[in-house]
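This report concerns only the one structure given below.
The chains referred to below are lettered A, B, ... by the order of the sequence lines, with proteins before strands, and numbering in each begins at 1.
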Amino acid sequence: MLDTNLKHLSTREQLGVAVSGKPNVVVCCGRMGPMCVPVYAAMEELESTYSHVAFYDMEFDIPAADAIRSLPECRSFMGLPFTVYYKDGAVAKATSSMQSRAQIEPILKAEFGDNS
Amino acid sequence: MVAAAELAGRGHTCTLTEQSILGGHLSSVTSIHGYPGIEETSGHAFASTLSRTATNAGVEIRAGIAVTSLQWINAGFRAELSDGGSLEAACVVLATGLRPLSTGLAREAAYAGRGVSYCAECDGAFFVDKPVVIYGNGEGAAEAMNLLSQTSKPVYHVIPEATGLAELEVADGGAVFLYRGWHITALEGESALRAVTMVSKADGLARTLDVNGLFVYLGRQPADELVRTFLQKHHELRVTPKALPDLANTGLFVAGELVGTQSLVETCADGVAKARMASSHLQR
């Protein structure tokens, strides 16, 4: 399990429930490395501002993460973490490698809107 | 965060702005050893603890907000913020730390996660049996070379600072081609990186390397734009960037890696020291 303050996903079932249970979901799939941790930290900070978005993490190396790794949107990715944005159960956007808070926020606003 | 917690703990009203993530580079350090009283912890855990300590001490934390300019006014300072707001304060502690150097090339950000990486340990597995280039020097680049030379083929190591002709090194199980005194001038590819162009500083010779991966290890530099702009704006202070402690008379304290601390212990200690100086200044 990743050492973050985010909600963790560790099975395909949990991923399915998370993605289908809420309209706006972000899953960051990575390890505890220097490229991934800043993304988790940014997501932790954004959780309170974007309360209409559910933020999760998932370990990159567990079998269940194949559900993320094998997404067509992630096929060309060559950098950890893989961050996937789901809107109404479908992939709306996916990014590879480290993303700053300044890079994540515009995606949240574009895909999920402001928290109003 | 250390300085903010110390100031708030001393009864001062304190606002902390952080344009990126709290703790900055520290948050991404995998493992911290040698900090007094702590056997081992992660940078993320350490930064989280600092954040909680600051919050509990009464610090108002504004994450995701940058100070875009700083002005010396009669009773102290006025900081313009990236969200359009502003803050006024009798004292300012600047602890903006270091930021990683990028190649500065136009498509670097577009290729992040699509060939450009800053961590061989994190992303090396995506480049097994593929050609990669390591760009930069120092311990990180050496570690990346050791790691990638075992899995990627071939590995090019381009070092911009040094001079001299290209050399050939053969590592265990693979080839490492070392280029000293070259700098990368262009990144090529469509949806992913396919090649880099580099130029020799010695003779201007250009060469293209067909690679799938570029691992950037150019080091870090002080994030000192704010203080440099401040000094330009207030040249009457006659303070040079090399004499930042002289600014303390104005109530501006520059702390941490900006003034050259070399370790986490030193950085935290400097934060406390500058906060105490700021507290004394406020009590004058």
Side-chain angles (χ1 to χ4, degrees), chain A residues 1-6 28-50 55 57 59-61 65 68-69 71-84 93-109 114-115, chain B residues 18-31 41-48 51-52 61-66 82-83 99-100 108-128 130 132 140 152 189-193 211-216:
Chain A
M1 190 173 292
L2 295 167
D3 180 21
T4 79
N5 296 317
L6 298 167
C28 185
C29 186
R31 301 183 181 129
M32 287 307 293
M35 305 297 283
C36 302
V37 169
V39 183
Y40 307 139
M43 287 169 57
E44 288 173 10
E45 289 177 11
L46 290 164
E47 269 190 316
S48 57
T49 308
Y50 292 84
F55 294 88
D57 68 37
E59 279 189 78
F60 189 81
D61 299 297
I68 300 282
R69 295 192 300 257
L71 285 170
E73 293 83 355
C74 299
R75 194 166 292 150
S76 63
F77 286 179
M78 293 184 287
L80 292 179
F82 294 3
T83 306
V84 183
K93 173 92 177 172
T95 63
S96 174
S97 194
M98 184 166 62
Q99 298 274 301
S100 67
R101 178 180 172 134
Q103 291 170 301
I104 295 170
E105 279 208 82
I107 299 174
L108 294 174
K109 286 177 181 167
D114 284 320
N115 187 19
Chain B
E18 166 58 59
Q19 66 174 345
S20 183
I21 58 171
L22 292 167
H25 167 69
L26 172 66
S27 291
S28 62
V29 173
T30 308
S31 181
T41 188
S42 69
H44 181 57
F46 193 89
S48 296
S51 171
R52 279 197 304 278
I61 295 178
R62 296 198 187 178
I65 306 290
S82 57
D83 65 352
R99 73 161 55 90
E108 179 178 351
Y111 289 132
R114 298 172 187 274
V116 172
S117 174
Y118 307 88
C119 177
E121 191 180 355
C122 308
D123 300 335
F126 293 106
F127 300 92
V128 173
K130 293 179 179 174
V132 299
S152 298
E190 292 182 6
S191 61
L193 183 71
V211 293
N212 296 116
L214 165 63
F215 290 81
V216 181

Of B/Cys119, B/Gly213, B/Gly124, the largest count of non-hydrogen pairs under 4.5 angstrom with chain A goes to B/Cys119

I'd like to know if the side chain of B/Arg114 pairs up with that of A/Ser76 as donor and acceptor (distance under 3.5 Å, no hydrogens or angles considered).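 Per modelled atom types, B/Arg114 and A/Ser76 side chains form a pair under 3.5 Å.
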
What I'd like to find out is whether the side chain of [X] reaches to under 4.5 Å of the side chain of [Y], using heavy atoms alone.
{"X": "B/Ile21", "Y": "A/Glu45", "result": "yes"}
{"X": "A/Pro38", "Y": "B/Ser27", "result": "no"}
{"X": "A/Arg31", "Y": "B/Glu121", "result": "no"}

Give me the atom names and distance for the closest heavy-atom approach of B/Gly115 to A/Met78. N-CE, 3.4 Å

Mind listing the closest non-hydrogen atom pair of B/Phe126 and A/Phe60 along with its distance?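 Here B/Phe126 and A/Phe60 meet closest at CZ-CZ, 3.9 Å.
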
Toward chain A, the part of [X] with a non-hydrogen atom under 4.5 Å:
{"X": "B/Ser42", "answer": "side chain"}
{"X": "B/Tyr111", "answer": "neither"}
{"X": "B/Ile61", "answer": "neither"}

Heavy-atom contact with chain B under 4.5 Å, split by part of [X]:
{"X": "A/Ala102", "result": "neither"}
{"X": "A/Tyr40", "result": "neither"}
{"X": "A/Gln99", "result": "neither"}

I would like to know whether B/Glu18 and A/Arg101 meet side chain to side chain contact (heavy atoms under 4.5 Å, CB included); could you show each step before the answer? CA-CA 11 Å; B/Glu18 166 58 59; A/Arg101 178 180 172 134; over 6 Å; no

